[in-house]
Amino acid sequence: MKKIILKAKINFKSELNLKNLSKINFEEEIISKINILYDNKEFKLQEFFKIQVQKSDKNELIISGTNRNCDYLGWKWKKGTLRIKSDVGSFLGVQMIDGKIIVEGSCEHYVGSGMTGGRIFLKSNAYDFVGSPLPGSKIGMNGGSIIINGKAGNFLGLRMRRGIIFVGGDVGTNCCNNMIAGTVILKKSFGNQLGLGMKRGSIILFRKKSKCVNFVDAGKSRSLFLSLLDNYFLKVYSLKLFSNKDKFKRLIGDIKMDGMGEIFFKID
Amino acid sequence: MIEIENTFAEAFPMKASRLIITALNINWAKKAAQSFCGFATSVIACGCEAGIESELSHKETPDGRPGLSILIFSMSSNELKKQILNRTGQCIMTSPTSAVFSGNISADKIPLGNSLRYFGDGYQISKFLDNKRFWRIPVMDGEFICEDFAYQMKGIGGGNFLVLGNNIESVLDAVELAVKKMNEVKNVILPFPGGIVRSGSKVGSKYKNLIASTNFEYCPSLRGVATKSKLNKDTNCVLEIVIDGINREDIELAMKVGISEILNSRITKGISKISAGNYGGKLGPYLFKLKDLI
């Protein structure tokens with residue numbers, strides 16, 4: 001087991017494509033052979049990062065000094081933990097398969113787009129298209145989980161197929177549009193057009209949904225699924241979502257699409 | 001002084017699975033579990049053997065409600081699948097507030113929600129958590145939550161010991177004590193009513209179509225008639241405790257605590273001997289020597 005520590009040597013002012021970092025195999029010494037693209041030109045990793053390799057009890061890649069120009073970190077990530085100690089650019093954890101990505105700063109667009117497994121934790125905010133399809137593709141997030149402690153932008157969970165997204169802060173507009181399945185939990189406020197075109201899937205709100213035009217009221221519901229979800233979050237993320245006394249109302253829609261999606265929102 | 005006969009219990013390999021049943025309270029979880037485990041005493045005619053393994057607190061269940069762990073054993077994978085599916089559908093799904101989850105994991109899957117979901121008639125909802133799929137089937141008290149698959153594991157059936165005595169009251173008191181203690185052992189069940197069986201069987205019969213028949217050697221009424229009766233003139237009653245488990249060690253442990261409980265109890269008057277169902281190697285490869293256990 002290894003811990004690989006990368007420290008940025010410069011402040012990146014152009015786009016840095018870190019897709020190739022996912023080629024790091026913790027078993028082999030290939031890190032010095034990895035090339036990265038900076039401003040569309042190829043460079044060796046060590047030209048921009050100070051590399052340190054240590055023995056550890058788990059496989060971990062720790063990166064610091066990145067900023068919002070550093071894209072494609074954790075692309076198709078499938079093994080070990082990727083810990084980013086600063087902000088990061090777009091396409092974080094895109095098509096991720098397994099493992100864990102922890103970001104201590106904020107992220108740009110397309111976090112976890114097309115991911116099929118693994119876990120992404122953001123300690124701060126994310127911009128638009130979290131868990132959505134990659135530009136040009138049809139299906140969004142297809143497994144795994146994204147936990148965002150801060151805020152998220154527009155089009156979160158667009159065409160989401162499977163998996164869990166939790167947002168601790170506010171969320172922008174068009175959240176869960178054309179959602180196919182999966183679970184989205186929103187702790188705070190959310191923008192307009194929530195669940196528009198939703199086919200299946202669950203949205204759990206802690207604030208009341210003001211406009212429910214495309215959803216029918218299915219009455220009060222304390223689905224056992226919520227207890228299952230609560231227990232899962234407590235076990236895996238040490239996060240307590242609900243108390244036993246919490247009551248929820250359930251809406252079903254988008255009825256204009258013959259959708260069977262559900263929105264639970266907490267009632268007093 | 002109770003004699004421990006120099007013999008062994010003979011057990012055989014089975015296919016097993018563990019399920020976790022939860023409900024709004026332990027009372028309804030028990031009702032669902034008891035219904036599931038009903039008519040599941042012996043594979044001779046029930047198709048499976050099942051029993052409640054242990055009670056689980058809300059901290060030990062996937063949905064945070066009180067529940068029970070049950071073990072089910074059968075002779076073949078196909079029969080196990082059939083029994084689990086039918087019993088879950090008819091006994092657990094029908095029970096108010098119940099939910100069912102798998103209690104073990106292996107590569108051999110047994111369809112559970114995967115088949116029962118069709119009861120939802122298109123209104124069922126699938127949820128994927130922690131690499132497991134759960135089905136939410138709409139029912140009249142809300143939703144029945146059911147894990148996609150249960151899983152098959154190896155099991156051992158037929159661990160046993162016999163308690164011999166001169167009257168039914170003494171023998172029943174002794175085996176009841178033993179059963180109470182044996183029920184505390186994990187990974188085993190005692191599938192018979194109250195954990196006790198009076199109609200112990202031997203392999204085969206004089207009638208061609210029967211795979212098992214009465215164990216005449218231990219029938220007091222056949223003493224003197226049957227050629228090989230193992231009962232002396234003072235032994236008028238024999239009761240058996242049968243143990244199914246998922247590994248040899250826990251069956252041994254259950255037998256040990258059961259026998260020790262009888263030996264150490266104050267109500268041993270009337271108990272003469274502890275023996276075991278030994279079928280001369282015809283029944284199975286697992287031999288539990290009584291003398292080695294104590």
Side-chain angles (χ1 to χ4, degrees), chain A residues 97-98 115-119 141-145 160-166 179-185 198-204 218-237 240-244 246-248 250 252 258-264, chain B residues 19-26 28-29 32 56-67 88 92-93 95-103 105 112-113 116-118 120-148:
Chain A
I97 298 159
D98 204 353
M115 72 186 280
T116 55
R119 292 168 189 167
M141 182 179 177
N142 200 7
S145 54
M160 181 177 174
R161 175 80 186 268
R162 202 174 282 146
I164 298 171
I165 302 176
F166 170 89
M179 188 177 183
I180 302 162
T183 305
V184 173
I185 303 158
M198 196 175 172
K199 293 184 181 72
R200 288 223 171 205
S202 309
I203 305 173
I204 297 158
K220 283 182 189 173
S221 169
R222 181 69 167 94
S223 169
L224 188 55
F225 162 63
L226 298 178
S227 308
L228 201 65
L229 191 69
D230 189 35
N231 234 20
Y232 168 75
F233 263 76
L234 199 60
K235 193 179 93 184
V236 179
Y237 306 112
K240 179 80 182 152
L241 290 180
F242 322 110
S243 84
N244 289 337
D246 285 345
K247 288 176 184 165
F248 288 84
R250 186 169 179 249
I252 296 176
D258 281 338
M260 277 285 295
E262 58 182 0
I263 298 177
F264 289 99
Chain B
L19 296 175
I20 292 170
I21 299 172
T22 66
L24 189 65
N25 55 46
I26 194 69
W28 278 104
L56 304 171
S57 74
H58 66 280
K59 287 177 185 169
E60 296 169 292
T61 58
D63 61 2
R65 303 189 302 169
T88 306
I92 302 178
M93 187 162 71
S95 175
T97 74
S98 65
V100 64
F101 308 95
S102 73
I105 194 117
L112 201 62
L116 290 173
R117 64 181 157 137
Y118 295 108
D121 203 20
Y123 295 104
Q124 70 273 25
I125 298 170
S126 149
K127 284 287 158 196
F128 203 75
L129 292 176
D130 213 7
N131 292 325
K132 285 181 175 179
R133 187 185 295 282
F134 300 91
W135 287 98
R136 295 166 56 194
I137 301 167
V139 285
M140 295 191 319
D141 73 348
E143 279 177 342
F144 171 57
I145 290 201
C146 182
E147 201 169 319
D148 202 19

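Below, chains carry the letters A, B, ... as their sequence lines are ordered, and counting in each starts from 1.
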Within a reach of under 6.0 Å around NZ of Lys59(B), are more than 12 heavy atoms found that belong to other residues, nucleotides or ligands? no

Have a look at Phe166(A) and tell me which of Val184(A), Ile185(A), Thr183(A) forms a side chain to side chain contact (heavy atoms under 4.5 Å, CB included) with it. Ile185(A)

At a 4.5 Å cut-off on heavy atoms, which part of Leu234(A) comes close to chain B: side chain, backbone, both, or neither? neither

Does Arg65(B) reach the main-chain N or O of Thr97(B) with its side chain, forming a donor-acceptor pair under 3.5 Å? yes

Quick one: salt bridge (charged side-chain N to carboxylate O under 4.0 Å, His left out) partners of Arg136(B), sequence neighbours excluded? Glu262(A), Glu143(B)

Region of Ser126(B) that comes under 4.5 Å of a non-hydrogen atom in chain A: neither

Side chain, backbone, both or neither of Tyr232(A) within contact of chain B (heavy atoms, under 4.5 Å): side chain

Under 4.5 Å from any heavy atom of chain A, what part of Tyr123(B) do you find: side chain, backbone, both or neither? both

Select one option (side chain, backbone, both, neither) describing which atoms of Ser202(A) are under 4.5 Å from chain B's heavy atoms. both

Salt bridge (charged side-chain N to carboxylate O under 4.0 Å, His left out) partners for Arg200(A), two or more places apart: none

With only heavy atoms counted, which part of Leu224(A) is less than 4.5 Å from chain B, the side chain, the backbone, both or neither? both

